[in-house]
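Written below as structure tokens is the structure these notes are about.
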Amino acid sequence: MINQDKIRQAVRLLLEGIGEDISREGLIDTPDRIARMYTEIFSGMEEDAGEHLSRAFHADNSEMVIEKDITFHSVCEHHMLPFFGKVHIAYIPNGKVVGLSKLARTVEVFARRLQLQEQLTGQIADALMRHMKPKGVLVMVEAEHMCMTMRGIKKPGSQTVTLARRGAFETDPLLEERFFRLLRQN
């Protein structure tokens, strides 16, 4: 459970730690603003992806379904800096499909936590397999990490790409090839 009082205390200590005067006009309300912001951007801590994926619809279709370019923002657990980008999801239905917005909501559940991109990719794939029980899932995440662009090596525009394959996508390389071909189409 998110504790806004502890966040406010921590922000005050952080501001003091970097040498700021926490009583100056521009910073007086900063601890409260950050506590509210953290409640929003870490709201996935208290959400279950299964809630979004539980409502499914019967479908005779067993062809690949792709939802691409799902934008997301997350926070890296190593430096607590943002990373952001796009998620592409493919799945092969096994008698049922979910509403397309449910895929985006599933991405949000996991993105709104302290994260690693590699972990985020796998969590999305695992949730889809567990709750939808499709024949296979492939999740690809492309992201820019602020810990790479604004500090350290300072390489803006660099992208990290992660991939998680489950089910039929692990055993049939032609499915993965088809996914990448379809992903490149506009």
Side-chain angles (χ1 to χ4, degrees), residues 1-4 6-20 27 30-31 33-49 52-53 66-91 100-130 137-166 169-170 176-177 179-186:
M1 175 121 190
I2 294 174
N3 184 322
Q4 288 194 353
K6 285 190 175 189
I7 295 170
R8 283 189 281 272
Q9 291 170 13
V11 171
R12 284 185 200 97
L13 285 173
L14 177 65
L15 291 170
E16 289 172 349
I18 63 171
E20 276 290 353
L27 294 177
T30 297
R33 281 191 296 270
I34 291 177
R36 288 192 317 267
M37 176 188 70
Y38 275 13
T39 299
E40 178 184 343
I41 67 174
F42 295 122
S43 63
M45 298 290 295
E46 298 170 10
E47 282 190 72
D48 176 11
H52 301 294
L53 297 170
I66 298 176
E67 181 71 16
K68 65 181 190 174
D69 297 332
I70 303 168
T71 59
F72 78 95
H73 296 85
S74 193
V75 177
C76 173
E77 67 183 38
H78 291 158
H79 296 99
M80 290 188 70
L81 287 172
F83 67 99
F84 55 91
K86 296 183 185 277
V87 176
H88 315 289
I89 297 173
Y91 73 94
L100 297 176
S101 69
K102 304 309 183 198
L103 298 176
R105 290 183 191 282
T106 300
V107 169
E108 286 300 306
V109 165
F110 295 112
R112 290 179 179 232
R113 300 174 180 184
L114 282 176
Q115 270 298 5
L116 297 175
Q117 181 176 333
E118 301 86 344
Q119 181 174 280
L120 171 68
T121 309
Q123 287 172 337
I124 295 166
D126 292 340
L128 296 174
M129 287 299 287
R130 182 172 44 260
V137 168
L138 190 147
V139 176
M140 179 179 164
V141 178
E142 301 173 290
E144 183 170 340
H145 292 249
M146 296 306 289
C147 60
M148 285 274 295
T149 63
M150 70 180 286
R151 60 155 302 278
I153 195 156
K154 297 182 181 101
K155 296 297 178 197
S158 62
Q159 293 278 308
T160 300
V161 179
T162 51
L163 193 68
R165 295 173 293 152
R166 304 290 188 267
F169 284 98
E170 291 178 286
E176 184 175 333
E177 182 182 310
F179 165 77
F180 283 112
R181 192 172 56 250
L182 292 168
L183 192 63
R184 288 188 291 266
Q185 292 180 350
N186 287 330

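Positions are given from 1 along the sequence.
Remark: the backbone N or O of T160 is paired with a side-chain donor or acceptor of Q117 at under 3.5 angstrom. Within the 3.5 Å criterion, the main-chain N or O of G44 finds a donor-acceptor partner in the side chain of R113. Side-chain N or O atoms of E142 include none that pairs as donor or acceptor with a backbone N or O of V161 at under 3.5 Å. The closest donor-acceptor contact from the side chain of Q115 to the backbone of F110 lies under 3.5 Å. Side-chain N or O atoms of E46 include one that pairs as donor or acceptor with a backbone N or O of I2 at under 3.5 Å.
Two residues are said to be in side-chain contact when any heavy atoms from C-beta on lie closer than 4.5 Å; F179 and I66 meet this criterion. For the pair I7 and F42, the minimum side-chain heavy-atom distance is 4.5 Å or more. Using a 4.5 Å heavy-atom threshold, the side chains of H145 and L81 count as separate. Using a 4.5 Å heavy-atom cutoff, the side chains of Q4 and R8 are in contact.
Within 6.0 Å of CZ on R105 lie no more than 12 heavy atoms contributed by other residues, nucleotides or ligands. Other residues, nucleotides and ligands contribute only 12 or fewer heavy atoms inside 6.0 Å of the CD1 atom of I153.
Using the six-membered ring where Trp is involved, F72 and F83 have ring planes that are perpendicular, over 60° apart on the 30 and 60° scheme.
Atom CE of M150 sits about 11.5 Å away from atom NE2 of H79, to the nearest 0.5 Å. Here the straight-line distance linking atom NZ of K102 with atom NE2 of H52 works out to 7.5 Å at 0.5 Å rounding. Interatomic distance, OH of Y91 versus CZ of F169, reported as 11.0 Å (0.5 Å rounding). In this structure, OG1 in T39 is found 11.5 Å from CD1 in I34, a value given to the nearest 0.5 Å. Atoms CD and CG, from E176 and L183 in turn, are 11.5 Å apart once rounded to the nearest 0.5 Å. Taking CG of L103 as the reference point, atom CD of E67 lies at 6.0 Å (rounded to 0.5 Å).
Of the residues T121, T162, V141, the one that meets the side-chain contact (heavy atoms from CB on, under 4.5 Å) test with V87 is V141. Applying the side-chain contact (heavy atoms from CB on, under 4.5 Å) test between I89 and each of L138, V107, T106 identifies V107 as the sole match. Of the options E77, M45, Q119, a side-chain contact (heavy atoms from CB on, under 4.5 Å) to L114 is made by E77 and by none of the others.
Of all heavy-atom pairs spanning A49 and A127, the tightest one is CB-CB, 4.1 Å. Between P156 and T149, the shortest heavy-atom distance links the atoms CA-CG2, 3.4 Å. Closest approach of P31 to R12, counting heavy atoms only: CG-CG, 3.7 Å.
The pair E177-R181 counts as a salt bridge, with a side-chain nitrogen and a carboxylate oxygen less than 4.0 angstrom apart. R112 and E47 are not joined by a salt bridge, as no carboxylate oxygen comes within less than 4.0 angstrom of a charged side-chain nitrogen.
R33 and T30 share a donor-acceptor pair across their side chains, judged by distance under 3.5 Å alone.
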Candidate pair Y38 and V11, rule side-chain contact (heavy atoms from CB on, under 4.5 Å), full reasoning: CA-CA 11 Å; Y38 275 13; V11 171; 5.8 Å; no
